[in-house]
Every structure is written in structure tokens, then in C-alpha cells.
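Report on the following structure.
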Amino acid sequence: MKKITRLITVLLILSMLFVGCSSGKDSSSSVDETGERKLKDTIVLAHWEEPATLDPQASNKVSYFLVQEQIFNYLVYEDPQGNYYPELATEWEYVDDLTLRFTLRDDVYFHNGEKLVADDVKFTIERGTQNPISASIFKYFDAEGTTVVDDHTIDVKFKVPYAGALNVLGSWRGAIVSKKAVEEMGDAQFGRAPIGTGPYKFEDWQSGSVIKLTRNEEYWGDKAITKNVEYRIIPEATNRVIELETGGVDAAYNISTNDVNRIRENEDLNLLMGPSFRYTTVTFSMKNEKLQNQDLRDALAYAIDKQAIVDAIYGDTAEVAAGVLPKNAFGYKEFEPVPYDVEKAKELMVKAGYPNGIELKFVCEPIEEYVRTAEALQNMWKEIGVTLDIHTIENAAYLAQGNEFEVGFRAGNANEPSNILVIYDSTFADKIQPNDQWIDDKLAEVASLLDPEERTASLAELQDYLWNKRWTIPIAYTNVIYATTKNVENWEVHPINLTNISEVSVYEN
Amino acid sequence: MFKYVLKRLVMMIPVLIGVSLVIFTMVFLTPGDAAEMILGDLGTPEDKALLREELKLDEPYLVRYIDYIKDLVLEGDLGTSYTTKRPVLNEILERFPTTVQLAGMSVILASVIGIVAGIISATKQYSIFDNIATAVSLFGVSMPNFWTGLMLILIFSVHLELLPSSGFHAPRYWILPVVTLGASNAASIMRMTRSSMLEVIRQDYIRTARAKGQIERVVIMKHALKNASIPILTTMGLTFSKMLGGAVLTESIFAIAGIGKLMVDAIKLRNTPVVQGGVIFIAFAVSIVNLVIDIICAYIDPRIKSQYVSGKPKKKKQAKEGVSANG
């Protein structure tokens, strides 16, 4: 009898355990009385990295901006094609080359109930120029000279004519913050519980685990469809997909190419992919005497089968890079990629003075994508007698050792040409360091030309020069990849992960 | 006893200062610059210099250490995180409950499995159960946590789609990480229980208890287990302490926002105050746990208690209590 009782107890415990373990999906009907699908009131998103702060002027990572994007607004809205539309500003005009006048909406309120006025814009620009994290982006802004004309008009001043002004004010660090809230809360607290004017209000932040937002019911624009947003922090790419499969989240950012096929094969999931501003490139240090030899750089370029690298590492989620700028950046110029020609590369090696080959040191972070590219290069360059010695080193230690490398790897993600090409500037501390005055002048010119045609022409000249110098060998343009459940609709495939969640609908199962 | 506890608490001060000096020096000597890491490669040299000044990274080693200790001792201030600009203590206290919960549940699971299996193995030495349990425990001890965790995710999350793999915010999220962390520790507790029990059940007083006609359950649970429990408790305490600071891999695999993960992220960014504060906090927590375990042991075993009370063993009393404990 005792044995039977024990057996029943064990079975009961096991059954309870399995009930507890069930996926937790709602078994009730997902269709309401009218036969329409029911909207969920919370969308759960798998985010790859916890932001250190949600203060726009203290941020410098996409992982921070994608949350801030829902809480804040900009003066202007920049679409992925680089066109500008009114957002907090109804109109803007250049009063002169150094003054840009904005007229603000008069029906916008911050989440703390304060009305948006021109003082908040001036305060935001001042913060941008002062905070070390955003100072480089705001370096052409003249915060002191910027004047508030009236509550809804502001003259933003620049130190030099600056073509990137709207890009800065229309993205990321340009998000308008509430002066009163920052002054009352202090920078650190504001970064933890930000006050913006956006479609979602900050609700809660459980350190390292989840950030919660809730709909701003007083939003000046179209109100958010889904009431609550939860960003769950899941750093491992595969874990984000597992959570999607097991119903823990509704959508996941930054899908790894390794998981793409698994998602495609799962009929309950959607794989969303599109062009990004991300590019990868091999970089040569111009501090290194061997690599100052253009014939050697040309030989190395001819000895790379870029298509094979793209196929092996990215599959169909990337394409071979054919320019020094990302494909969809302003002023992009397409070039014919250097063909894979081992014989020609060998000839160039002889011409360069290395008929018996050479040893080069490749330094990169221990990231799978970088290491696999390095290994591919090692194999390909072996054919022309180049021995590539691969060193992986953690980023902090790499930067600390003074960026000493011969061959390196860079993955960039930006859409403003002067920010992308800054890696060729003499003042840029990392990677290439060509110390070429022509480049420095040209970069300053590109940053200051306001006329789009003149800017495009100047950029084309600069790109020709850089392409022929081969200080870098562009490898791939990688796609941005998201995955959602079938219940998620209207998800915009934004090139830098800044999808507007207020437009997304998510339905019950 | 009170004096002993007070003495132990006072002894923690030099330990913590020693820990702070070692960790401060190690972090100082580690190559890497927080300003470089925070600003990334788009930061200009001027911005980096500005930030270095703001974070006081330019100050000499001794000045920085003395400032740090001064703030720590006088104000209990562990510093401010370079990245979030929030007090380090706040960051740690937000994460610590999760780590304690994970470690606590894992130790409970490990202890229940380990002690029960250990007792059965010891009482039925060389039986089939004992052989299987010994083999399984060897397997458990040999399996690294990250491997167990990944296997559990593969089976229960990927294939069976039964349990979630990331997070710790609801009961069903607890199962896999707790089992991962509990499994290997159950094995070591089981082995400790078995050997400790085997040693005790061969003692004369156990034979006496049996001869007096005590039923076997009482002999084992009351007389044998009580005397065998000191090494088991010590193992449990050490396991718990180890998990407080060392559940890093499990926390990383299951994306659990615990103190281990906080520290790993801080190390990557050279966020010195968080690394230092985290290590000092963990050292403090481990010292407290060890003290608590010692106090529990003293209450279970009067021989230990008598040592604490008098400073040296009281032979007469100990002998008397020994007889009583031997039943």
C-alpha cells in the first residue's frame, strides 16, 4: 500500500512539473466575438545587448539607440534613403551657410507633462557638444551661438558650413531631451529613466534582464498599436532564436547567419532580411613599411576570392562589397571588385620585391566572423607565398597595445559618408593611418559641402582615390536580419535595427 | 560565541583590504583603457583625454587606490560605474538577489539529491544502487557546467521546445539553470555524504544503537547522519560560496542577469569600479556565508562549540557531550 501511495505521489509531482513546464501559451481563443484576430497588449523583443544608458547624448551604440528610438523624437525624420521629413520641426531653412532655422510644433509634450520649447533643443545641442561620447558628432555645432528666437523657433549655428547637420539632428544622438527633466534628475538618473516626447514612455528597467516601455497616451503623432514593449536582454544569438521558437519572445534582433536556415524551415516564424549600412573590410596599416608598398597591397587584393568568403561565412545574407562606402550610403560609387587572379597576384608579388613570399601579422578580435575571414585569407594568401600569422586579441587589450597590427579587419555601420570615411583621416587613432594631407582636406570638404551635387562629386573623387590606394580591401555588405513569429505584422526592415515598434502589431496565437 | 562571531567579523576587515589591493592592482595592470572602450573608434583623441580626466584615469596608481579605499571605508562607497554613471553598489545590489536565488535553489537541489543518494549509497554499500550512483556522480563531477547547460538547452529547448533557455524571470525559466548548476554539485555532495556516512556507520556507537534495538531509520537519520553532517554542511557552504561568484558560465549561457555576468561585462569594458566593487562584495558575501556555516556546525556539534566558547577544548564537557552524542 505504501509503495502504491509513493508511486502516485511521484506521478503527481511529475505531472505537476510538466504542467509547469508547458510553454505557457494561452490556450484560450485568439479570435474575438466579431471573428477578428485579437491584438496582444505586449510585444516582447529579444535584444542582443543591454544599453548602458538611455540618454541619447551619452550613447554611441545601435543597441542603445534602438530602445531610445521609441522614447524620443528628432527635429527631423530621416528615412533609410537619407530623405528628411518634418518631425518635431515643422519646417527648416538655412538663414545663411552657418545658420539653420527650425520652427517647432506647438503641440508636443514630454512624458513628464512639460511642453516642448526651443530651449529644450538648445539644451540638447549643448549636451551633445559637451558630452565626450557625442562631442565628435557635434563637433561642427556652435552651441553657444545657437539662439532661441522664440518658444517655437531656434537658430542652430555651426562653426563651418556643415552638410551632415540634418543627419545629426535626425538620428541617434540628436534626440531631443527635456531640459527640466535632465536638470531635475541629473545625467545618470535621466539615462536610467529617460523623459522624451516619443510614442512610448519608459516604464521599468530590471538590470541585465528587461527594459519595459508603455504607450504614451498623449503622443502628438499616431499612437502606438501595442500598449507595452519589453526588451529582453539575450546576448547569445542562438538563444534569441530558441526563445522565439519556444514562444518566449515575439521578435528577435541580430540573427546570426548560422540560424537563418533554421528559421526559414520553421513555418511559425518569419525571417526578415534587408540591406544594412554594415560593411566589412580588410585593413592595412600604413605605419608598416612592408605594406606601404602598393604592389604588395595590389597582390594581396588579387589573391582574395571575395565571393568564396562571402558564400562560406554569410551564405545568402551578404554580397561582395564593390566600393569603399556601404551600398546605400549617400554618394556611393560602385567599382568593379578586384578579380580573383592568383597568377596576376604572383606577378605583383615579384614586382613588389617579394618573389619568395612574406610573413604578415593579422590582428583581430576573437569574433567568429573575423576569425573565419582571417582563416580564409590565410589559405588564399598562402598560394602567393604570404604567411599570415593570425592573432586574436580582446578589443580592450588590442586598443591598449597601441593598435599595432599589419593586417586587420573592420566592420563598420554608419550612413553619413564623413563618419564612414573618417577611418582614413590622420586624426583617426585606429587601423589605417595613411597620414595623407589630400585625404584630410578632402574629408573636411565632404563634411562641409551643402550642395548635394557638389558633395556627390567630391565624394566620387575621394572614393576613386581610396579605391585605387587599396589601404583597405572591402569584403562584404552584410544584411540586417530579424526574425519574428507569424503573429507579428508591419515590422519594418530598418537598415540599422531602428524599427519603429509603435507601428508593429502583434496578435494572439 | 558572540565574541567569536565578533572576532570573525573584525578579521574580515584585513581580508577585504587585501582583496581590494589585489584586485585593484590586477585591474590596474591589465592592458586596456576604459575611455577607449567607451568612446569606440569614432572618439577623437581630445574626447578620450576629456573622458580620461573625468574618470580620473590619469591619476597615479597609489592616489587612485587611496582615494578608493578612503571612499570605501568612510562612506561605504564602491565607486561609480564608468558606463552607466550609477553607484556600483546599486548595480551590484540589483543583480545580487538573482545570483543568490540561482545559487540557493541549486544548492537545495544539489543537497536533496546528493544527501539522499549519498545516504542510500553508504547504507547499501556495493549494491547496484551504490555502483550506479557512484558512476553517475563521477559523470556529474566530470561534466563542465557549460556543457551540461548546452545539452539541456539542446534537449529541452531546441528539440522538445518544453523549457525556455534565456532569462530567470519566471518559475519555468528557473528549471534549466538550476538543474545545470545543481547537477555537478549534487554529485560532489553525494560523494561527500557517502564517504562521511561510511566512516560514521562503522563507529562503535552505531553498533551500540543497533544492539539496543533502535530501528535502522532512526540509527541512520538521527545518530549517523548528525555526526556525518559536518563535512556535508561544509561542502554545501563552499558550494554556495563558489556559486555566488562563480556561476558566470551558467549565467552567461542562460542570459541570467546575475553578479557574475555583471562582472564579465565590466571586465570586457575595463569598467574598473564595477570589477573591484563586485570582487570585494563577493569576498564579503563569501566570508559571511562561511561564518554562518561555522556557526551552524557549532550548533550541530557541541565539540566545535566548546572550542569557540573557551578558546580551548573543555575536555570534561566534551567527553560528556561526546557520550551523549554517541547515544
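Note on naming: letters A, B, ... go to the chains in the order of the sequence lines (proteins, then strands), and numbering restarts at 1 for each one.
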**Which portion of A/Glu50 sits near chain B, non-hydrogen atoms under 4.5 angstrom** = side chain
**Item:** Contacting moiety of B/Ile256, where chain A heavy atoms sit under 4.5 Å
**Value:** neither
**Asked** To the nearest 0.5 Å, what is the distance between OG1 (B/Thr84) and CG (A/Leu54)?
**Response** 11.5 Å
**Complete:** Here the gap from B/Leu51 atom CG to A/Asn131 atom CG, rounded to the nearest 0.5 Å, amounts to 8.5 Å
**Request:** Check whether more than 12 heavy atoms from other residues, nucleotides or ligands sit under 6.0 Å from atom CG of B/Leu29, and answer yes or no.
**Result:** yes
**Asked** If you look at every heavy atom in B/Arg95 and A/Gly208, which pair is closest and at what distance?
**Response** NH2-CA, 3.4 Å
**Message:** Looking at chain B, which one of A/Gly186, A/Pro51, A/Ala188, A/Ala58 has the largest number of heavy-atom pairs inside 4.5 Å, strictly under?
**Reply:** A/Ala188
**Request:** Find the distance between CZ (B/Phe168) and CD (A/Gln206) and round it off to the nearest 0.5 Å.
**Result:** 13.5 Å
**Request:** Under 4.5 Å, counting heavy-atom pairs only, tell me which of B/Lys261, B/Arg86, B/His169 racks up the most with chain A.
**Result:** B/Arg86
**Within 6.0 Å of OH in B/Tyr61, more than 12 heavy atoms from elsewhere** = yes
**Message:** More than 12 heavy atoms of other residues, nucleotides or ligands under 6.0 Å from CD of B/Glu53: yes or no?
**Reply:** no
**Request:** Could you tell me which non-hydrogen atom of B/Leu163 sits nearest to which non-hydrogen atom of A/Thr246, and how far apart they are?
**Result:** O-CG2, 4.2 Å
**Greater than 12 external heavy atoms within 6.0 Å of B/Glu216's CD** = yes
**Complete:** Assert top hit (heavy-atom pairs under 4.5 Å, partner chain A, pool B/Gly258, B/Ala49, B/Ser157) equals B/Ser157
**Fill in**
In short, A/Ser209 meets B/Ala257 closest at the heavy-atom pair N-CB, 3.8 Å
**Prompt:** More than 12 heavy atoms of other residues, nucleotides or ligands under 6.0 Å from NZ of A/Lys486: is that the case?
**Reply:** yes
**Asked** For atom CE of B/Met151, is the number of surrounding heavy atoms from other residues, nucleotides or ligands below 6.0 Å larger than 12?
**Response** yes
**Prompt:** Where is the tightest heavy-atom contact between B/Ser165 and A/Glu243, given as atom of each residue plus distance?
**Reply:** N-OE2, 3.1 Å
**Message:** Using heavy-atom distances under 4.5 Å, tell me whether A/Gln130 contacts chain B through its side chain, its backbone, both, or neither.
**Reply:** backbone
**Prompt:** If you look at every heavy atom in A/Ile234 and B/Ala255, which pair is closest and at what distance?
**Reply:** CA-CB, 4.1 Å
**Prompt:** For the atom pair OH (A/Tyr64) and OG1 (B/Thr83), what is the distance rounded to the nearest 0.5 Å?
**Reply:** 6.5 Å
**Message:** Rounded at 0.5 Å granularity, tell me how far CZ in A/Phe190 sits from NZ in B/Lys85.
**Reply:** 15.5 Å
**Message:** Taking B/Phe254's backbone N and O only, do any of them form a donor-acceptor pair with A/Asn239's side chain (distance below 3.5 Å, no angle check)?
**Reply:** no
